[in-house]
Number of protein chains: 2
Amino acid sequence: MSCEQGLFRSLRKKGLRLTSQRKRILSALHELDRLATAEEIFQSVRRDSPSMDISTVYRTLELLREFQVVTCVQGNDGQHRYELAHHSTPHVHMVCRACGRVFEVAIESLQPFIACAREQHGFEVDVHALSIEGICHACCAQMRSGTIISHRK
Amino acid sequence: MSCEQGLFRSLRKKGLRLTSQRKRILSALHELDRLATAEEIFQSVRRDSPSMDISTVYRTLELLREFQVVTCVQGNDGQHRYELAHHSTPHVHMVCRACGRVFEVAIESLQPFIACAREQHGFEVDVHALSIEGICHACCAQMRSGTIISHRK
DNA sequence: CTAAATGCAAACTCTTTGCAGGTAC
DNA sequence: GTACCTGCAAAGAGTTTGCATTTAG
């Protein structure tokens, strides 16, 4: 996998190693191909490597984040969620507060805001870390039809 | 305080009570008048009421959130931060990943994005819950001048 | 009065850390 | 061989919960 080669070279530059655990976590991220919690990634890896520890998953995800191989956002439930950085075109995540589903939106319509933040405050928005809460179409409809949806939790 | 009267009526409708603890937490939120963690609110309240427990603070903040008296966002450090809902004009929070400082931006420049999310996905963005990560002006400058800033953590 | 709320202690979840043994290069 | 890395166990932060007691209305 070319992605693995690239990571290997990056690691080597800093005297770090491409271990079998790191390879497996990278594979799991490719397989999942979506925002996933450390626990989900751990479970996925565990099916093949039952001896893997969750602390290794955390350590590896932090490493991959430093090398910008994965991006990380905060879910609405306090957990971090990770995905491969080159997963697709630049996008932000919208998390439904009612059902927890995640939607992706291209960043074009955010450009006015990004420009505004930069011009008015000199603030550089990190688009990859953006996680936006709200209510999705389906849950909106359900709420209007009278069904009570639990408010988070 | 008129805010207290309003809350009292809302509570009464559901058979709930306006206790002295709830009043004190409401005061603390007014005094702080900014995004604050449960711990900060707890410490603030504790100065006057040393017997208050942090679990009461959590329970009350959850209650105030249900009644839409406070809004809640996730900080970049995994903590929830709360502030009074009518704190000021509608705004979003931008959190600097390097120094942790919080900046407020009016939501106007986000309107294209909010409209886009609604039209394309039927997704209703909750502006109040928005917390946007990035790098602030000062930290940008420091980084360019060569100072190494720790990457989160 | 009595249902709701509090304080206390203990549990729980997610994440990080110290360390002895294992492994990439 | 020697740093780096891992699994294990234990700690740590933030938050939640069960229960006996207190209190608002």
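Just so we're on the same page: letters track the sequence lines, and every chain starts at 1.
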Mind calculating the distance between OH (Tyr58(A)) and P (dA11(D)) to the nearest angstrom? 19 Å
Salt bridge check, Arg65(B) against Glu62(B): does any charged N sit closer than 4.0 Å to a carboxylate O? yes
Check side-chain contact (heavy atoms from CB on, under 4.5 Å) between Glu39(B) and all other residues, then give those that pass, not counting sequence neighbours. Thr37(B), Phe42(B), Gln43(B), Ile54(B)
Smallest heavy-atom separation, Ser131(B) atom then Val95(B) atom, equals OG-CG2, 3.5 Å
Considering all heavy atoms of both residues, which atom of Val57(A) and which atom of Ile25(A) are nearest to each other, and what is their separation? CA-CD1, 3.8 Å
Using whole Å, what does the distance between atom P of nucleotide dA4(C) and atom CG of Leu7(B) come to? 17 Å
Please find the pair of heavy atoms, one from Asp48(A) and one from Pro50(A), that lie closest to each other, and give the distance. O-CD, 3.5 Å
Within the structure, does a side-chain N or O atom of His80(A) lie under 4.0 Å from either OP1 or OP2 of dT15(C)? yes
Residue-phosphate contact under 4.0 Å: Gln21(B) side-chain N/O, dT23(D) OP1/OP2: no
Provide, to the nearest angstrom, the distance between the CD atom belonging to Glu62(A) and the P atom belonging to dC5(D). 13 Å
Arg81(B) CZ to dT15(D) P, in whole Å, measures 9 Å
Go through the structure and list residues passing salt bridge (Lys or Arg N to Asp or Glu O under 4.0 Å) with Arg46(A), not counting sequence neighbours. none
Could you state the atom-to-atom distance from CD of Glu39(A) to C1' of dC14(C) in whole Å? 9 Å
Nearest-angstrom distance from the residue atom CD of Gln74(B) to C1' of dC14(C): 12 Å
Any pair with a residue in residues 106-119 of chain A that passes salt bridge (charged side-chain N to carboxylate O under 4.0 Å, His left out), sequence neighbours left out, goes on the list, sorted by first then second residue, please. Arg118(A)-Glu124(A)
Heavy-atom closest pair, residues Met94(B) and Ala117(A): SD-CB, 3.8 Å
Which residue lies toward the 5' end of DNA chain D, Thr37(B) or Leu63(A), if each is placed at its nearest nucleotide? Leu63(A)
Along nucleotides 18-25 of chain C, 5' to 3', which nucleotides get a B, which get an S, and which get a -, given that the test is a protein heavy-atom distance under 4.0 Å? B----BBS
Check: Arg59(B) and Gln21(B) side chains under 4.5 Å, non-hydrogen atoms: no
At a heavy-atom distance below 4.0 Å, what parts of residues 44-54 of chain B sit against DNA chain C? Ser51(B), Met52(B), Asp53(B)
Ser10(B): which residues meet the side-chain contact (heavy atoms from CB on, under 4.5 Å) condition with it, sequence neighbours left out? Phe67(B)
Please give, in whole Å, the distance from dA13(D) C1' to Phe42(B) CZ? 15 Å
Applied to residues 13-32 of chain A, the salt bridge (charged side-chain N to carboxylate O under 4.0 Å, His left out) test, sequence neighbours excluded, yields none
Listed range with range, the stems formed with DNA chain D by at least 3 consecutive Watson-Crick or G-U pairs (under 3.5 Å) are C:1-25 with D:1-25
Nucleotide dA5(C), atom P - distance to CG of Leu11(B) in whole Å: 8 Å
Think Thr56(A) has a side-chain N or O under 4.0 angstrom from the OP1 or OP2 of dG7(D)? yes
So the ring-ring contact (aromatic ring centres under 6.0 Å, His included) pairs with at least one residue in residues 95-122 of chain B (sequence neighbours excluded) are Phe123(A)-Phe103(B)
